[in-house]
Asker: 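Pasting a structure here, questions to come.
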Number of protein chains: 4
Amino acid sequence: MYLASDNAAPAAEQVLQALARANAGASAPYGRDEPTRRVEAMFSELFEREVGVFLVTTGTAANALALAQITPPWGAAIGHAEAHVMHDECGAPEFFTAGAKIVGVPGRDGRMTADGLKALLARDFWTPPTHVAPASVTISQATEAGTLYRPAEIAAIAEAAKAHGLRVHMDGARFANAAAATGAAPAELTWRSGVEILSFGFTKNGAMAAEAVIVFADDLVKNLAERRKRGGHLWSKGRFIAAQVEALLENGLWLDLAARANATAGRLAKGLESRGLRLAFPIEANEVFVWLPPSVDDALRAAGAAYYAWSSESIAPERSGRDGARLARLICSFATPDEDVDAFLGVIDREPVA
Amino acid sequence: MYLASDNAAPAAEQVLQALARANAGASAPYGRDEPTRRVEAMFSELFEREVGVFLVTTGTAANALALAQITPPWGAAIGHAEAHVMHDECGAPEFFTAGAKIVGVPGRDGRMTADGLKALLARDFWTPPTHVAPASVTISQATEAGTLYRPAEIAAIAEAAKAHGLRVHMDGARFANAAAATGAAPAELTWRSGVEILSFGFTKNGAMAAEAVIVFADDLVKNLAERRKRGGHLWSKGRFIAAQVEALLENGLWLDLAARANATAGRLAKGLESRGLRLAFPIEANEVFVWLPPSVDDALRAAGAAYYAWSSESIAPERSGRDGARLARLICSFATPDEDVDAFLGVIDREPVA
Amino acid sequence: MYLASDNAAPAAEQVLQALARANAGASAPYGRDEPTRRVEAMFSELFEREVGVFLVTTGTAANALALAQITPPWGAAIGHAEAHVMHDECGAPEFFTAGAKIVGVPGRDGRMTADGLKALLARDFWTPPTHVAPASVTISQATEAGTLYRPAEIAAIAEAAKAHGLRVHMDGARFANAAAATGAAPAELTWRSGVEILSFGFTKNGAMAAEAVIVFADDLVKNLAERRKRGGHLWSKGRFIAAQVEALLENGLWLDLAARANATAGRLAKGLESRGLRLAFPIEANEVFVWLPPSVDDALRAAGAAYYAWSSESIAPERSGRDGARLARLICSFATPDEDVDAFLGVIDREPVA
Amino acid sequence: MYLASDNAAPAAEQVLQALARANAGASAPYGRDEPTRRVEAMFSELFEREVGVFLVTTGTAANALALAQITPPWGAAIGHAEAHVMHDECGAPEFFTAGAKIVGVPGRDGRMTADGLKALLARDFWTPPTHVAPASVTISQATEAGTLYRPAEIAAIAEAAKAHGLRVHMDGARFANAAAATGAAPAELTWRSGVEILSFGFTKNGAMAAEAVIVFADDLVKNLAERRKRGGHLWSKGRFIAAQVEALLENGLWLDLAARANATAGRLAKGLESRGLRLAFPIEANEVFVWLPPSVDDALRAAGAAYYAWSSESIAPERSGRDGARLARLICSFATPDEDVDAFLGVIDREPVA
């Protein structure tokens, strides 16, 4: 019953097989290999336009590199107050931007809104050179609350951003889950809605370690290669990142795996609700936030279930747990066994909610 | 009627005279001069213990250097949510720390409290290496709201900080105003209450441009000289910073000038209140925040008064202006003429408050 | 006939098999997995003492992280004038150290000497805070010229370094080749000779992408986890780096593969010399630098041989090519086929050296 | 007999008087004052074109800010191997550029040449993203050896630089001495010869502390204000830097003072030569490098003369001292008394050169 994170999943079988296939003979190093060339073409096809592609192996690297391309040291990158780049990357964005500020904007259910962004930009303290200047916006898809942005919401945020000269980044650590859940075309979820640079995550969705920085705005390609090298993120044996991505893009495997993760989370959520438990946020992708009565929480822990206690005050301040209920985050991956969900619900059945 | 900032004041006459006196013949460069030596001794006497002294010429430099000594790149410096280091230094702390985070804690009247700090430190997201680790606390004396910390309040904050291993900085851009207003000994306001490194401002209080980083914790002296040089803040003709500070420390001139600024602000505040105007914060030093009815505001502007409209939502969200009143910040310096205060109040007399 | 670099080699079969074995079920993320635990124990056994282990996936990251641990922003890291960290990492050491200087010291055959280091340290310009202060030494094992340091040479350099308070790093991108060639114990090549932190490379030696920062000096462990995370180098699915390293450490596979690479290079060198070609440096590991008459160079290129033209002025200024000979760098990996060497020499046989 | 540096000189009387004049009443802060406006106009007139003007108070700050405008973190700034920015600023250029490399090019008498620059740029290691890319050139006027560049030499260097896309900076810490000595128009010494950004030094030439970053290339103005603020170099009471510069620019005082410094150095050099002492470099501005027999050196030290022993190996390797002679650097300022020169020569008369 491992529901702590989708980053604890193994790699998909197809990814391992692709690595084995790629492992033949010498190959030009530093991304000048054939698999990398093929993957670049696949991304351009997937996004229905030419894109810049920079492969790395962690989401932290992808986000930090992308933000550094669009946020000068004296600029601010604006994200949701609970965004991963704000809290969970040990200052990597600050490091790669040479000291920019990451500024949070609040928003329900983990989602920033165009209105929230406009209100922040309308504040009177953005007065360079005294204050840093707002430079970019970063949208997490899916959000830290497991919710999603629809193309129209993205477009509204991007429009507000561009009206102030801000560039637009999407942190797509769970982009696959969003694409699978919404059914929207990747182009629709990104550049057609104003996104200029994307961190496209594959690690949580079946890769061993693979993320792609996808660049839609032509001027943002410049010097990204230097930033990547300088950050220590240019692999010599680049084929081994590319092969992973290729395997996932082929025949839509990335969408199939994400759909499976979403479906498992949906089934889990339904099971929780039918047992009288209250969910904290709408279930839109592969994350489930649920309020657990202490006795249920204790029973699940005792039964060996692995998941994170979540901070009720930060992400859901207005919904603090009634009667001492504890907020738990449950994440399903493509590899979460159905039996784990059944077993999890089974524990609850034995420790009924009052 | 210039009440926009005390940093628009001229230098005190004694400072100019000291510069002229210092201007004789050759002198060892880079702070190896006699006036610098003398000033170091004066600070040790003033603080009743040996201290490290590093002279610079801007408050931004002093704060950024001090914070860099106590906050690693993967650390967070915690200050009041409205602190100058958060908003008004164009990311200088981030620059000098190589990308640390400056994290705000709310607090009434511009003041952080020990309880507020404890609550922030008790949050569950401080989990290195995922999240940055809290490393330091910075206390603004006087605050951005013109209020003061008493020694006991400082000690409580410092105690809470040290319980978590945080180092303690004081941004004393208006330290003189605080010392003059409270009558507390400089030692009491700093190291005896747990402050380990201080930005001691002289510029607003009569210098041309002079600030001192005062180091109380011995281990924080190391490499501060390198940081200062590397930041471009080591003057070759160092005697000309030292001479300013010497003139101000001599015979307590720094306290006399600050007392005069405080007294002028007090008289202004009393005049405003007696005319029916509402003050936003307690008047404790040389800053006055007042709610101006639009007609009064307009009349003052028309009469040539210079002051800043303040952001009512940020610094005083709970006290938004009634009936459209506008929040104004009025600052008095040691050089603010009594006539300016009289003239300011005179305008209000002619445009009576409803 | 791919002799351009050992980083173009595939991964060893055993590494792929280990990845497949590791790919079972959920696993705690961020290096809290079992394979990482096992690898840490294996390194401690290999080095005959407890060591700190930080896995990453590029040599650039390993070197930059290690140098950042021992070189403050106002310090200098001293390496051989041709060192990889000087020229081939796009400023990664400067990035991770927040702007330290990398200072080169000359030395024959790519090797720094204790005397050369002493002479540099005796120069009169190391006067902080005006000049940066020497902080660390970095030794490349094997060197950029394919030569090696024996334990006594390392110890002499380390002793000179420590006499000036410098910390000692070894860039072991080809540490395996050095260990296999010298037969010296890993402990002998490192901490027993004064090395305090090591970049231990596995990528060139059969991994897909795996490098370990090995910390011998206890005080250098602190905050390396934060640096790694902040640099974007902490993998969520850490087991997939660890599994590679485990496969290579098991039963001494790392030494066997390196020995094979060295032997192939030795055979190639012998073949070149027996055909009348002049070698630029002693052949000690898996790199061969040879002077090629233009006609031979052209014939090899025409036959499809891949290798780098080397800069004769930088690495071997005193031995510039006679009669227009061109300096070529040939590198053999564990996977270089014997047939490639035979074919390479065969081309030369058909285009005889005058 | 203080000949150690011109930065040990006092300020010119006119500068002190100007400070006193500027010290009247309140003034808009942060460079929005009248004296700053006037100085901007004066610089545009002096350079015969509109220029960007950014006042700071140290040469280190001026150089670091200027280099940061023209050198990205993954770039190299190329200067003479003995340049001040290479050795004497504790890594300030690395700090402000966020980790660029400062690369030295050798050249006789402290001077870089266009040919030397071309040769360096023709080297085969400039291969981004592996190696950093050359981004800028910095020319010291006067050089560290006290020699000068004529407009034609500057133009040749700038042309070579621009042919490779490099931007051109001049470190004019002693620009006044160069202008006074050559008689060339400031425009001729800078933008008409290809210089795009200039550090114009006033501190050594009679200011208390004042330097101006002068921007000729329009695109290099952008964000310099942010860099200055973020570096802590924006004075609140900006009039006090501007007043210094104004006093020096008025009626050509800056040239008069520099001419006096140059003349004093010339007289000193002539006196040394006539006493049989050998000069190390041509005397072109206000610096004299002379080889002193040990007995003479000792006698001068005993008599209280202050000057630096210079590193004979670094700046003049080909001219190492014969018979144990020691290289001494003697610098004259506008304020060096004639009596000091006489006394200095008098000591030598009493300790005759063999």
Side-chain angles (χ1 to χ4, degrees), chain B residues 2-5 7-13 15-16 19-20 22-30 33 56-65 89-92 94-96 98 203-204 207-209 225-237 239-241 306 333 335-337 340, chain D residues 2-5 7-13 15-16 19-20 22-30 33 56-65 89-92 94-96 98 203-204 207-209 225-237 239-241 306 333 335-337 340:
Chain B
Y2 194 96
L3 298 165
S5 181
N7 67 19
E13 267 317 305
V15 165
L16 266 289
L19 289 175
N23 195 41
S27 166
Y30 299 123
D33 54 90
V56 295
T57 57
T58 69
T60 298
N63 284 337
L65 287 167
E89 299 186 340
C90 200
E94 286 88 346
F95 179 36
F96 280 78
T203 308
K204 291 179 163 72
M208 201 172 67
E226 281 82 359
R227 284 196 197 276
R228 180 175 58 175
K229 173 65 184 171
R230 185 175 175 78
H233 288 288
L234 178 62
W235 271 28
S236 53
K237 301 184 178 176
R239 55 176 145 171
F240 293 117
I241 311 180
S333 80
T336 302
D340 275 21
Chain D
Y2 195 95
L3 298 166
S5 180
N7 67 20
E13 267 316 306
V15 165
L16 266 289
L19 289 175
N23 195 40
S27 166
Y30 298 124
D33 55 88
V56 295
T57 57
T58 69
T60 297
N63 284 338
L65 287 167
E89 301 186 338
C90 201
E94 286 87 347
F95 178 37
F96 281 78
T203 308
K204 290 180 164 71
M208 200 170 68
E226 281 82 359
R227 283 195 198 276
R228 180 176 57 176
K229 173 64 185 172
R230 184 175 175 76
H233 289 289
L234 178 62
W235 271 28
S236 53
K237 302 184 178 176
R239 54 176 147 169
F240 293 117
I241 311 180
S333 80
T336 302
D340 275 21

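Since the model is a prediction, treat every value here as computed from it, not as a measurement.
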Asker: For the side chain of R239(D) and the backbone of D33(D), is there at least one donor-acceptor N/O pair under 3.5 Å apart?
Answerer: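 No.
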Asker: What's the shortest heavy-atom distance between M208(B) and V15(B), and which atoms?
Answerer: N-CG1, 4.2 Å
Asker: Go through K237(B), K204(B), K229(B) and name the one with the most non-hydrogen pairs under 4.5 angstrom from chain D.
Answerer: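 Of the candidates given, the most pairs with chain D belong to K237(B).
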Asker: Mind ranking C90(B), A98(B), A62(B) by heavy-atom pairs under 4.5 Å with chain D and telling me who comes out on top?
Answerer: C90(B)
Asker: Please classify the contact between F95(D) and chain B as side chain, backbone, both or neither, with a heavy-atom cut-off of under 4.5 Å.
Answerer: both
Asker: Against chain D, label R227(B) side chain, backbone, both or neither, depending on which of its atoms sit under 4.5 Å from a heavy atom there.
Answerer: neither
Asker: Side chain, backbone, both or neither: which part of T203(D) has a non-hydrogen atom closer than 4.5 Å to chain B?
Answerer: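 Both parts, backbone and side chain.
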Asker: Could you have a look at P29(B), A24(B), G59(B) and say which one has the most heavy-atom pairs with chain D under 4.5 angstrom?
Answerer: P29(B)
Asker: So which part of L234(D) gets closer than 4.5 Å to some heavy atom of chain B, the side chain, the backbone, both or neither?
Answerer: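 Interface part for L234(D): backbone (N, CA, C, O).
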Asker: For the interface with chain B, which of G91(D), S5(D), A8(D) has the highest count of heavy-atom pairs at distances below 4.5 Å?
Answerer: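 That would be A8(D).
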Asker: Would you call F240(D) and N23(D) a side-chain contact if the rule is heavy atoms closer than 4.5 Å?
Answerer: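 Yes, close enough: below the 4.5 Å cut-off.
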Asker: To the closest 0.5 Å, what do you measure between CZ (R228(D)) and CZ (R230(D))?
Answerer: 15.0 Å
Asker: Side chain, backbone, both or neither: which part of A335(D) has an atom under 4.5 Å from a heavy atom of chain B?
Answerer: neither
Asker: Could you check which of A9(D), P10(D), A20(D) has the highest count of heavy-atom pairs closer than 4.5 Å to chain B?
Answerer: P10(D)
Asker: Of the listed residues (S333(B), A92(B), A61(B)), which shares the most heavy-atom pairs with chain D below a 4.5 Å separation?
Answerer: A92(B)
Asker: Taking every heavy-atom pair that is under 4.5 Å apart, which of A26(B), A4(B), P337(B) has the most such pairs with chain D?
Answerer: A26(B)
Asker: Which heavy-atom pair separates T58(D) from G232(B) by the least distance, and what is that distance?
Answerer: OG1-O, 2.7 Å
Asker: Mind listing the closest non-hydrogen atom pair of F96(D) and G231(D) along with its distance?
Answerer: CE2-CA, 4.0 Å
Asker: Could you tell me which non-hydrogen atom of Y2(B) sits nearest to which non-hydrogen atom of D340(B), and how far apart they are?
Answerer: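 Y2(B) and D340(B) have their closest heavy atoms at N-OD2, 3.4 Å.
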Asker: Quick check for you: among L65(B), T336(B), T57(B), which has the greatest number of heavy-atom pairs under 4.5 Å with chain D?
Answerer: T57(B)
Asker: With chain B as the partner, which of L16(D), I241(D), N63(D) has the greatest number of non-hydrogen pairs under 4.5 Å?
Answerer: L16(D)
Asker: Measure Y30(D) against the heavy atoms of chain B and call it side chain, backbone, both or neither at under 4.5 Å.
Answerer: side chain
